[in-house]
Amino acid sequence: MASKCSPCCKMCHKKWEAIIHNSFAKLGAFISDYPVRIMVCCIVVNLLLTIGLIRIEVENDVETLYTPMDSQAIQDRSVLRNLYGDPTDNHFRSYQLTDFGLYGSVMILSKEKTDIRTQAFVDEINSIHNVINTSITVTDSFGTVFTFSDISAGSDPVDAISGSILLSQTFQNNFVMNNITYPFFGQNTLSPFLANAVSENGMLTSTIGVKLQYYLKHYNTSVQELSKSWEKAFASKLENIQTNLTDIAYAYSDSLETELTKNTNSDIQYFSITFALMMTYASIASLSINCNNVANRMNLGFAGILAPILGIASAFGFVSAIGVEFTNIVGVMPFLVVGIGIDDMFILMSGMADAPPLTKVTIKDRMVFMMKKSGVAITITSLTDLLAFVIGATSVFKSIRNFCIYTGVSVFFCYLNQLFFLSPAMRINEQRTKDKRHFCCSCRTVKRKEDYEGKSKCFRLCVPGSIPETRLDVESPMEKYPKKVILFVLNHTVGKILIIFAFIAYLGASVYGCINLQQGLQLFNLASTDSYFYKYSLLNEDYFTTEPMITLCLTKVQEYHRTETQNLLNSVLSQTKLDSHIDAQVEINWLENYKKSEVYNSSSETAFVSGLINFLGSQDGQSFTNDLVLDKSNLKILSSRFYLKSRNMKTSNEQGDFMKRMRKITDSTELPCILYTPAFVFFEQYVQILSSTFQTVGIAVAVMLVVTFIFMPDFRVVIIVCLTLISILAGIFGFMYYWDLTLSSITMIHLVMSVGFSVDFSVHICHAFISVDGENRKIILENALDRAGGPIVNAAISTLLGICMLGFARSYIFNSFGILMFLVIGFGLIHASFFLPLFLYAFIPWITKSGMTEEEGYSKDGHVPVIEPLPSLSGKVPSQQIFSTERINNYIQGNVNMNSKHRGKFTDIGDGYKMYQPYKT
């Protein structure tokens, strides 16, 4: 059955391939007829699209960009905000905030990181506090001066300072006398405010510093503007403050966004350097050194860089015009798109170099040839890149979504510019070549070097030229020598063995790295390492605990006077306290405090609420005012809140798992409630990033393979591309571990991007292997690398040259992009240059178009050469076979007397192939 279906499948394959090739051949002919008009129209359209930049909007909010959109934590926060509003007006407590609020935070640490329990250190802490409390001022539009006390959250400035117990006289006296209980001092928890605290038998034995956080009002717009002004004044003041015994680290609520914008903007300088390097390399790689100034393609190198730059500018304008916000991480996109453009440029130039020379065919014929071969190749890679970003645009992370929209549109416009800007430029260059004009001074017609015998050496070096006859006449050293090195390694047994061992080692290292890869993004990494915020965050990570307060909120009306309701509530609290990361000793519970009061009444819900109102008005109950929502008639409790304290959690896995456990508790109870802390909004990425990455990358891989099959409908090729893609992705995931990168919303962007890039190089090599001709595996290997090896190597080198500048960047976004691009391009190049060719080399007998044996140079039945090897024919000629027209002609010329039993007719099926059908006998 297989033998009957195989020729038919091959015929369908060739017909489909012919349809695709003929479509691009028509495009090549059209471009050849109207090159100038097409190029001008392309430039005008690009420039018109850039006008959209006037509508560009910037989004820098860290939470919006780097946490999942509309996550459960965000929904829970919305519920709390709708129920409770802003707590910073009266009776403020920091744990009542539904977000991190507006604040200024300061760490005061011993310079030598020694114990600070002395009066001298206490005096310096008080001095710094006094500066913050009284010396930092802001002025409103009416000229009124405000200090911290005026705009501090709540009605009492002491309540607005997290860690205010450290400033009390009672605490400080006991602190100097080494008489502080730990972790609790009276009713106050000390662990979040003391650096590197050490205790013994419940007593504090040493600490190297303290942390104070000053919260500000933000209950309306005008107050919020004052508070934000105070924050900036706070940072400016502490930047210049002088201390004797301590080091200061500080931050405020918008520090990360400010630093992120500052660092990304400062790294923009590397764009010009990068573009200069890539343009220089592209020009040099296109420069012939055989003194043939007619064949020189240096100018095409400039055009090849200009095409993606125009595409980037027009894409920015178009995407801005439709209302997609620009984010800092989009700043890395030009490095990527220019690399894609250069790759396409080298592929197109390689296709043109393969075309029959101008001395034998017309320019139009060469354009048609180039588009049939290279046009298809760049279409496959551009389409795979584009689809990868289209899939990435569905991500739950806004940073990923916006990045993929900007980059996907840029890739699409870059591809169009390759067809309608670079290709017409190549057509014009071909006309210059045909007219024998100098590549630099195209107005001058030059002669061959032999015609200038009497001229100086310099003249003969810079002026002569002739129409190129072969590929070697136009190739630069950067196109010739890399593939020779690759062939040298692949053609020797020792080289093959080394490649096999290297691949095994690579896979082992990749698997180990994948197993140990961490998830989540440390947000302070987004700032540069020399910023004040990075210093603050690092000290916070090293010396202070992370113990967020957990809010248990009952979201619907309950009859709190009933024993059943109170028992159900206590059950949820007790179950939560059983968690290993909950400190069971700390509980803020208005109900328990109310029950201890004299006004407690549970005879009915009305009496319960009436007594509660009296309790909240008392000294003991004021702190709970913001934890209850009553209806307008003050007869029902619409919602209430309770608080528990978590234990120290540092790793992303601990934090993500803790959040999931809290949600399991609320899901399993009949009580309508949520467990929430503002940190959960950021913990969401630890829960969703892995599944989101696998889902996005998995879909992208599947789509890439479908596209590959559409353009190269051979399951064997698809399988090879799939295996190569999996291998490259495993390397990228694994080697992230060795570079100390985690799986986060930022690195996920690069992983989505890497899917397209990983396919690019593999597809170029596979497409070359199935499209070139050869009598044996060695010749096919050489021909395939001759066509695709040079462009791949040059595209990779030019991109690596560009991203090497990112090693000097200050921002984490640019650094991580540089590292992952290095891995993507590096592994893609190694696979395409060594691993994949060796694999294909081993299996050439079943993928080559030639059915000849290497020894005979003929088909396996000893007669007409076939395109692909067929099962044993047992001496019979199949009903249909497909042949290369060139091979048929060569065979007939050498074998005039065909055996009568093999006589038949040949039907042209296009693209240089014919189908053979034997005559019936």
Exercise. Hey, does N126 have a side-chain heavy atom less than 4.5 Å from the side chain of L167?
Worked result: yes

For residues 609-620, run the donor-acceptor check on the side chains, cut-off 3.5 Å, and write out each pair with its distance to 0.1 Å, sequence neighbours left out.
from	atom 1	to	atom 2	distance (Å)
N614	ND2	S610	O	3.4
S618	OG	F615	O	2.5
S618	OG	G621	N	3.4

Problem set entry | From CA spacing to verdict: side-chain contact (heavy atoms from CB on, under 4.5 Å), Y84, S639 | CA-CA 9 Å; Y84 293 92; S639 177; 2.7 Å; yes

For this session: Please check if the side chain of T88 supplies one atom and the backbone of A153 the other of a donor-acceptor pair under 3.5 Å.
Result: no

For this session: Identify the heavy atoms of P548 and T677 that sit nearest to each other, and give their distance.
Result: CB-OG1, 3.5 Å

Problem set entry | Check: T134 side chain, V131 main-chain N or O, donor-acceptor pair, under 3.5 Å | no

For this session: Would you mind reporting whether L591 and K595 have side-chain heavy atoms less than 4.5 Å apart?
Result: yes

Seminar exercise, completed: The single option from Y103, Y532, Y536, Y214 that satisfies ring-ring contact (aromatic ring centres under 6.0 Å, His included) with Y250 is Y532

Exercise. Do I550 and F658 pass the side-chain contact (heavy atoms from CB on, under 4.5 Å) test, and can you show the C-alpha distance, the side-chain angles, and the key distance before you say yes or no?
Worked result: CA-CA 11 Å; I550 309 300; F658 172 75; 3.7 Å; yes

Exercise. If only atom types and distance count, is the side chain of S646 paired as donor or acceptor with the main-chain N or O of I582 below 3.5 Å?
Worked result: no

Problem set entry | Test: K664 and D667 ion pair at under 4.0 Å | no

Seminar exercise, completed: For residues 180-204, the side chain to side chain donor-acceptor pair (under 3.5 Å) pairs (sequence neighbours left out) are S191-E547

Exercise. Is there a side-chain contact between L644 and L675 (heavy atoms, below 4.5 Å)?
Worked result: no

For this session: Assess whether side-chain contact (heavy atoms from CB on, under 4.5 Å) is satisfied between V79 and N82, documenting all intermediate values.
Result: CA-CA 5 Å; V79 170; N82 291 335; 5.8 Å; no

For this session: Would you list the pairs meeting salt bridge (charged side-chain N to carboxylate O under 4.0 Å, His left out) in which at least one residue belongs to residues 158-182, sequence neighbours left out?
Result: R93-D159

For this session: Have a look at R117 and tell me which of I180, L204, V122 forms a side chain to side chain contact (heavy atoms under 4.5 Å, CB included) with it.
Result: L204

For this session: Quick one: sort the F148 and W230 rings into parallel, tilted or perpendicular, breaks at 30° and 60°.
Result: tilted

Exercise. If only atom types and distance count, is the side chain of Q655 paired as donor or acceptor with the main-chain N or O of Y686 below 3.5 Å?
Worked result: no

For this session: Determine, stepwise, if the pair T147 / D150 fulfils side-chain hydrogen bond (donor to acceptor under 3.5 Å, both in side chains).
Result: CA-CA 5 Å; T147 63; D150 300 316; 3.2 Å; yes

Seminar exercise, completed: P192 and T545 have their tightest heavy-atom pair at CA-OG1, 3.6 Å

Problem set entry | Side-chain heavy atoms of I108 within contact of T243, under 4.5 Å | no

For this session: Measure up the F642 and W590 rings against each other and bin them: parallel (under 30°), tilted (30 to 60°), perpendicular (over 60°).
Result: parallel

Exercise. Under 30°, 30 to 60°, or over 60°: which ring-plane class applies to Y594 and Y600, parallel, tilted or perpendicular?
Worked result: perpendicular

For this session: Kindly compute the distance separating NZ (K645) from NE2 (H581), expressed to the nearest 0.5 Å.
Result: 11.5 Å

For this session: Verify, without hydrogens or angle tests, whether Q685 (side chain) and P68 (backbone) share a donor-acceptor contact under 3.5 angstrom.
Result: no

For this session: Please round to the nearest 0.5 Å and tell me the distance separating atom CZ of R562 and atom CG of N567.
Result: 10.5 Å

Exercise. Are any non-hydrogen side-chain atoms of V681 and I74 less than 4.5 angstrom apart?
Worked result: yes

Problem set entry | Residues that Y95 engages under ring-ring contact (aromatic ring centres under 6.0 Å, His included), provided they are two or more places apart | Y643

Seminar exercise, completed: G163 and L212 have their tightest heavy-atom pair at O-CD2, 3.3 Å

For this session: Applying salt bridge (Lys or Arg N to Asp or Glu O under 4.0 Å), run through E684 and R663 and close with a yes or a no.
Result: CA-CA 12 Å; E684 287 282 4; R663 288 174 179 169; 2.5 Å; yes

Problem set entry | From CG (L554) to CZ (R641), nearest 0.5 Å | 12.0 Å

Problem set entry | Heavy-atom side-chain proximity of L552 to V572 below 4.5 angstrom | yes

For this session: Please check if the side chain of T205 supplies one atom and the backbone of V198 the other of a donor-acceptor pair under 3.5 Å.
Result: yes

Exercise. Is it the case that more than 12 heavy atoms not belonging to E564 sit under 6.0 Å from its CD atom?
Worked result: yes

Seminar exercise, completed: Closest heavy-atom pair, Q585 versus F184, reported as atoms and distance to 0.1 Å, is OE1-CE1, 3.5 Å

Exercise. Without hydrogens or angle criteria, can the side chains of Q119 and D123 be said to hold a donor-acceptor pair below 3.5 Å?
Worked result: yes

Problem set entry | I116 versus S110, closest heavy-atom pair with distance | CG2-CB, 3.7 Å

Exercise. Side-chain contact, heavy-atom cut-off 4.5 Å: P672 with Q558?
Worked result: yes

Exercise. Is the backbone N or O of I161 less than 3.5 Å from a side-chain atom of Q213, with the two atoms forming a donor-acceptor pair by type?
Worked result: no

Exercise. OG of S604 to CD of E559: how many Å apart, nearest 0.5 Å?
Worked result: 9.5 Å

Problem set entry | D631 with K636: basic N within carboxylate O range, under 4.0 Å | no

For this session: Please round to the nearest 0.5 Å and tell me the distance separating atom CZ of F624 and atom CD of Q96.
Result: 9.5 Å

Problem set entry | Donor-acceptor pair, side chain of S537 and main chain of F533, under 3.5 angstrom | yes

For this session: Return each pair, listed once, that meets salt bridge (charged side-chain N to carboxylate O under 4.0 Å, His left out) where at least one residue sits in residues 216-242; pairs must be two or more places apart or across chains.
Result: K228-D254

Problem set entry | Closest non-hydrogen atom pair between G101 and S253, with its separation | O-CB, 3.3 Å

Exercise. Does T98 reach the side chain of T551, with side-chain heavy atoms less than 4.5 Å apart?
Worked result: no

For this session: Dump the intermediate steps for side-chain contact (heavy atoms from CB on, under 4.5 Å) on K211 and S105, then the final yes or no.
Result: CA-CA 7 Å; K211 177 169 69 172; S105 183; 4.0 Å; yes

Exercise. Who are the ring-ring contact (aromatic ring centres under 6.0 Å, His included) partners of F100, not counting sequence neighbours?
Worked result: F682

Exercise. In Å and rounded to the nearest 0.5 Å, what is the CD1 to NZ distance from I248 to K111?
Worked result: 9.5 Å

Exercise. Between the side chain of D115 and the main-chain N/O of T207, is any donor-acceptor distance below 3.5 Å?
Worked result: yes

